[in-house]
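Data block below; observations after.
Both ligands and their constituent atoms are indexed starting at 1 by order of listing. Only a predicted model underlies this, so the values are computations on that prediction, with no experimental measurement involved. Hydrogens, waters and symmetry mates play no part in the numbers below; they use all other heavy atoms, side chains included.
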Amino acid sequence: MKPILWITFYLPNDLAERLKPYVTIKMWQDDIHDMPQEEIEAAVLEADYLWTIVPNQITAAVLNRTTKLKMITNLAVGFNNIDVEAAKEKGIIVTNTPDVLSETTADLAFALLMTSARRMLDNAKQLYQGKWLGWQVFGMTGTDVHHKTLGIIGMGAIGELVAKRASGFDMNVLYHNRSRKEEAEERYGVTYRSKNDLLAEADFIIVLTPLTKETHHLIDREALAMMKRTAHIINVARGGVVDEEALYDALVNGEIAGAASDVFVEEPVSTNHPLLSLPNFTPMPHIGSATVETRQAMVQRNLDAWEAYFTNQSIPYRVI
Ligand code: NAP
């Protein structure tokens, strides 16, 4: 009997066809809803190999109970949904999909910045609701993006490409990482700042760190209070990086001007989420990498890792 590869999401068009000589494929068959957590855990225990997406939580508790799981590929660059320390202890290989989604995600980050600055969602809603009644000098006005200061927190692969886009808008770009990146400073003309200085100086902030213990609530109440009252914050990282309750309060109390987020602590986000009631907040349903070209390239990265494993080659895109 061939070993089992469990794909814990729906992968259409028989894209895993080329793995069939090596494994028996089991796959979640619902194209609309994510696999429930209890079923994921049963699949993890049954699997020799596992192919996951970000909503699938692969916890230490379940990894510690596995007896035959050897490798996990995650269809994302972020891998906060997998307890990689627990995987490492069990000798389980984990791979992700770096680089191929960076341009596409940078596009979305910049689109959200523009949407928030120009109040595009709120203005479109007013149009749909028949509230566009005439041309007013200061009606429906937002704020300029060009020549403003952008602060990027998490100047990694995606952050650098956001900086590149910002240079076309003549923006002054600041960044914060745990370590300075002199190469990026030279290439994109960006300037390093401490987190607090960046928060105080930027007109727009884009958050692009991984979600880790250290970055959980990196943008908390205190951080939001340091921002300009005219500033906007855009989260394209992970829901937990920004304290959603503190963000809601900052937006309602006018401590900051606007925010947009592609990611939420609970996904899919409830339509009753308080942030969704605010005119100065733009939500997106986690579509950072969601273009046909990029999703195909991400699948390809995972397939390449599987083929390398099954043909005893060196495995690319390893996280551990
Ligand atoms: P990356 O190349 O690894 O860059 C991450 C950056 O974050 C690094 O420059 C890192 O620099 C910085 N960082 C890490 N911990 C930090 C901390 N505590 N404080 C400040 N900076 C910190 O990753 P990437 O490919 O750009 O992706 C970044 C994240 O975006 C992913 O992990 C993922 O969660 C998210 N993402 C979301 C979507 C989406 O659909 N919305 C799509 C792709 C990625 P130092 O190590 O020097 O601190």
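For E183, the CD atom counts as loosely surrounded, since its 6.0 Å shell holds 12 or fewer non-hydrogen atoms of other residues, nucleotides or ligands.
For ligand 1, the atoms lying closer than 4.0 Å to a non-hydrogen atom of V236 are 35 (C), 36 (N), 37 (C), 38 (C), 39 (C), 41 (N). Within ligand 1, the atoms closer than 4.0 Å to a non-hydrogen atom of D262 are 39 (C), 40 (O), 41 (N), numbered from 1 in the order shown. Every atom of ligand 1 with a heavy atom of G288 under 4.0 Å away is listed here by number and element: 39 (C), 40 (O). Of all atoms in ligand 1, listed by their number and element, those nearer than 4.0 Å to a heavy atom of P210 are 5 (C), 7 (O), 14 (C), 32 (O). Each of the following atoms of ligand 1 lies closer than 4.0 Å to a heavy atom of G154: 6 (C), 7 (O), 12 (C). Each of the following atoms of ligand 1 lies closer than 4.0 Å to a heavy atom of M155: 9 (O). Applying the 4.0 Å criterion to heavy atoms of T105 picks out, from ligand 1, the atoms 38 (C), 42 (C), 43 (C).
In this structure, T215 has a heavy atom closer than 4.0 Å to ligand 1. In this structure, S289 counts as a contact residue of ligand 1, since one of its heavy atoms falls inside 4.0 Å of the ligand.
Taking a cutoff of 4.0 Å between a charged side-chain nitrogen and a carboxylate oxygen, R238 and E267 do not qualify as a salt bridge. Ion pairing of K90 with D83 is absent here, as no side-chain N (NZ or NE/NH1/NH2) approaches a carboxylate O to less than 4.0 Å. We find that D48 and K2 are not joined by a salt bridge, their nearest charged nitrogen and carboxylate oxygen being 4.0 Å or further apart. A salt bridge links K26 to E46: at least one charged side-chain nitrogen sits closer than 4.0 Å to a carboxylate oxygen. Under a 4.0 Å N-O distance rule, the pair K228/E201 does not qualify as a salt bridge.
At the top of the distance list for atom 2 (O) of ligand 1, counting protein heavy atoms only, stands A157 N, 2.9 Å. With respect to atom 35 (C) of ligand 1, the closest heavy atom belonging to the protein is A237 O, 3.5 Å. With respect to atom 47 (O) of ligand 1, the closest heavy atom belonging to the protein is S179 OG, 2.6 Å. Atom 4 (O) of ligand 1 has its closest protein heavy atom at G156 CA, 3.2 Å. Among all non-hydrogen protein atoms, the one lying nearest atom 9 (O) of ligand 1 is N177 ND2, 3.0 Å. Nearest protein heavy-atom contact of atom 28 (C) of ligand 1 is L208 O, 3.3 Å.
A pairwise comparison of heavy atoms in Y10 and D30 identifies CB-O, 3.7 Å as the closest pair. Contact detail for T8 and A43: the closest heavy-atom pair is CG2-CB, 4.2 Å.
Checked by atom type and distance alone, the side chain of N96 never pairs as donor or acceptor with a backbone atom of G78 at under 3.5 Å. Although no hydrogens or angles enter the test, the distance criterion places a donor-acceptor pair under 3.5 Å between the side chain of H273 and the main chain of L275.
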Q.
Working note: F110 + F169, criterion ring-ring contact (aromatic ring centres under 6.0 Å, His included); need CA distance, chi angles, decisive distance, verdict.
A. CA-CA 11 Å; F110 215 84; F169 284 73; 4.8 Å; yes

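When the heavy atoms of R238, E214, H216, H286 are ranked by distance to atom 34 (O) of ligand 1, first place goes to R238. When the heavy-atom distances from atom 29 (C) of ligand 1 to V77, L211, T209 are ranked, the shortest goes to T209.
Not a single N or O atom of L218, backbone or side chain, sits closer than 3.5 Å to an N or O atom of ligand 1. Residue I287 has no nitrogen or oxygen atom sitting less than 3.5 Å from a nitrogen or oxygen atom of ligand 1, judged on distance alone. For the pair R178 and ligand 1, the shortest N or O to N or O distance falls below 3.5 Å.
For atom 23 (O) of ligand 1, no protein heavy-atom neighbour is present inside the 4.0 Å cut-off. Within a 4.0 Å radius of atom 26 (O) of ligand 1, the protein contributes at least one heavy atom.
Side-chain contact check for N123 versus R118: every heavy-atom pair is 4.5 Å or farther apart. Looking at heavy atoms from C-beta onward, Y248 lies out of side-chain contact with F281 at the 4.5 angstrom threshold.
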